[in-house]
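The first residue of the sequence shown is numbered 1, and numbering continues consecutively from there.
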Amino acid sequence: MEPRFEMLPPKVLVGQHLTMTYASNRTAELWGRFMPRRREVTQTVDGNFYSLQVLGDDFDFQKFDPLKDFEKWAAVEVSSAGDIPDGMDAFLLQGGLYAVFTYKGAASQGAKFFQYIFGTWLPSSEYLLDKRPHFEILGEKYRNDHPDSEEEVWIPVRPR
């Protein structure tokens, strides 16, 4: 499973966010709050949803700590962050180089996929993990926890 590489331009996202850990995952709660209100966001660019993880500078996948806090976003891309609904925020996603993987399968079965990326692919690649947000694009083929679901996983990288 090899990624493609994309140079992402900066993007403006609007959505909601929560602080959580991998041990105390609140992703379902976050999306449960955002999805009923998603149509309140104006100037959306497309029909994709962004599941974004903002990890701290000291977050280390090699010494993975499931109790380490991070911020998770449920968001959509907008052309301008002019009119932000109450209870939502804008996030400027920095541009940069990303390794893009396609994940096919139920979200609940994704742990092995991520273990491969961070435990096998990344250490043997010509890249280092960059300190920018990680995200998944949930497009038209995304089916929540369905075995036929498909999403793009964007991992920020930089050359070694």
Side-chain angles (χ1 to χ4, degrees), residues 1-35 38 45-77 89 91-160:
M1 166 181 12
E2 287 298 310
R4 73 177 194 275
F5 293 90
E6 298 272 346
M7 186 58 74
L8 183 79
K11 294 179 178 285
V12 178
L13 306 177
V14 170
Q16 295 179 321
H17 54 96
L18 288 174
T19 299
M20 63 183 73
T21 68
Y22 284 103
S24 179
N25 193 324
R26 300 173 65 193
T27 300
E29 175 188 348
L30 174 63
W31 283 97
R33 288 181 186 178
F34 177 70
M35 289 305 283
R38 68 189 182 275
V45 171
D46 54 30
N48 293 332
F49 295 98
Y50 286 73
S51 180
L52 184 87
Q53 292 77 230
V54 181
L55 309 173
D57 286 342
D58 59 345
F59 200 98
D60 185 352
F61 280 100
Q62 299 305 314
K63 299 174 188 161
F64 183 70
D65 178 359
L67 301 176
K68 185 80 176 147
D69 284 345
F70 66 95
E71 186 176 75
K72 181 123 180 182
W73 284 74
V76 292
E77 182 182 1
D89 294 298
F91 184 88
L92 177 59
L93 179 58
Q94 299 175 12
L97 183 63
Y98 279 83
V100 183
F101 296 84
T102 299
Y103 175 68
K104 295 179 183 178
S108 61
Q109 302 300 311
K112 288 181 183 177
F113 178 79
F114 285 99
Q115 288 171 346
Y116 166 77
I117 292 172
F118 296 111
T120 302
W121 178 81
L122 189 61
S124 64
S125 76
E126 299 174 13
Y127 298 93
L128 296 171
L129 192 60
D130 204 0
K131 303 251 183 225
R132 289 178 286 123
H134 300 223
F135 63 93
E136 294 80 46
I137 295 179
L138 313 176
E140 62 185 35
K141 294 181 180 180
Y142 181 73
R143 304 283 182 270
N144 200 2
D145 204 29
H146 193 279
D148 294 332
S149 184
E150 188 172 317
E151 63 190 84
E152 289 185 346
V153 175
W154 291 61
I155 306 295
V157 294
R158 59 185 167 85
R160 283 191 189 271

- Task: Output yes when a side-chain donor or acceptor of Arg132 lies under 3.5 Å from a complementary backbone atom of Leu97, and no otherwise.
- Result: yes
One should read off an interatomic distance between Trp154 CH2 and Glu6 CD, to the nearest 0.5 angstrom, of 4.5 Å
Pro133 and Leu52 have their tightest heavy-atom pair at CB-CD1, 3.7 Å
Under the criterion side chain to side chain contact (heavy atoms under 4.5 Å, CB included), I'd like the reasoning laid out for Met20 against Phe70: C-alpha separation, chi angles, the key distance, then a yes or no. CA-CA 6 Å; Met20 63 183 73; Phe70 66 95; 3.6 Å; yes
Discussion item. Donor-acceptor pair, distance only, cut-off 3.5 Å: does the side chain of Ser124 make one with the backbone of Thr120?
Written reply: yes
Closest non-hydrogen contact found for Lys11 with Leu92 is O-CD1, 3.5 Å
Nearest heavy-atom approach of Pro159 to Leu128 is O-CD1, 4.5 Å
With the side chain counted from C-beta on, respond yes when Leu93 and Glu77 share a heavy-atom pair under 4.5 Å apart, and no when they do not.
no
Is it true that, when you exclude Lys141 itself, more than 12 heavy atoms of the residues, nucleotides or ligands shown sit nearer than 6.0 Å to its NZ? no
Does the Arg158 side chain pair with the main chain of Lys131, one donor and one acceptor, at a distance under 3.5 Å? no
When rounded to the nearest 0.5 Å, the distance separating CG of Asp148 from CZ of Arg143 is 8.5 Å
Could you tell me if the side chain of Phe49 sits less than 4.5 Å from the side chain of Glu151, heavy atoms only? no
Side chains of Arg38 and Phe34: closer than 4.5 Å at any heavy-atom pair?
yes
*asked:* Side chains of Leu18 and Lys72, heavy atoms from C-beta outward: is any pair under 4.5 Å?
replied: no
Can you confirm whether Gln53 sits close enough to Ser51 that some side-chain heavy atom of one is under 4.5 Å from a side-chain heavy atom of the other? yes
Residues Asn48 and Gly139: closest non-hydrogen pair is OD1-CA, 3.3 Å
- request: Using a 4.5 Å cut-off on heavy atoms from C-beta on, say whether the side chain of Val76 contacts that of Tyr50.
  value: no
Separation between OH (Tyr22) and CG (Asp69), nearest 0.5 Å, reads 11.5 Å
query: Phe114 and Tyr103: aromatic ring centres closer than 6.0 Å?
result: no
Does the side chain of Trp121 come within less than 4.5 Å of Ile155's, by heavy atoms?
no
Worksheet item: Does Glu152 pair with Arg4 as a salt bridge, N-O distance under 4.0 Å?
Response: yes
Looking only at heavy atoms, the pair that brings Leu67 and Thr21 closest together is O-CG2, 3.3 Å
The reported gap from CG in Leu13 to CG in Asp89 (rounded to nearest 0.5 angstrom) is 12.0 Å
Taken to the nearest 0.5 Å, the spacing of His17 NE2 from Arg26 CZ works out to 12.0 Å
ring-ring contact (aromatic ring centres under 6.0 Å, His included) test vs Phe5 passes for just one of Phe101, Tyr127, Tyr98, namely Tyr127
Rounding to 0.5 Å, atoms CH2 (Trp73) and CH2 (Trp31) come to a distance of 12.0 Å
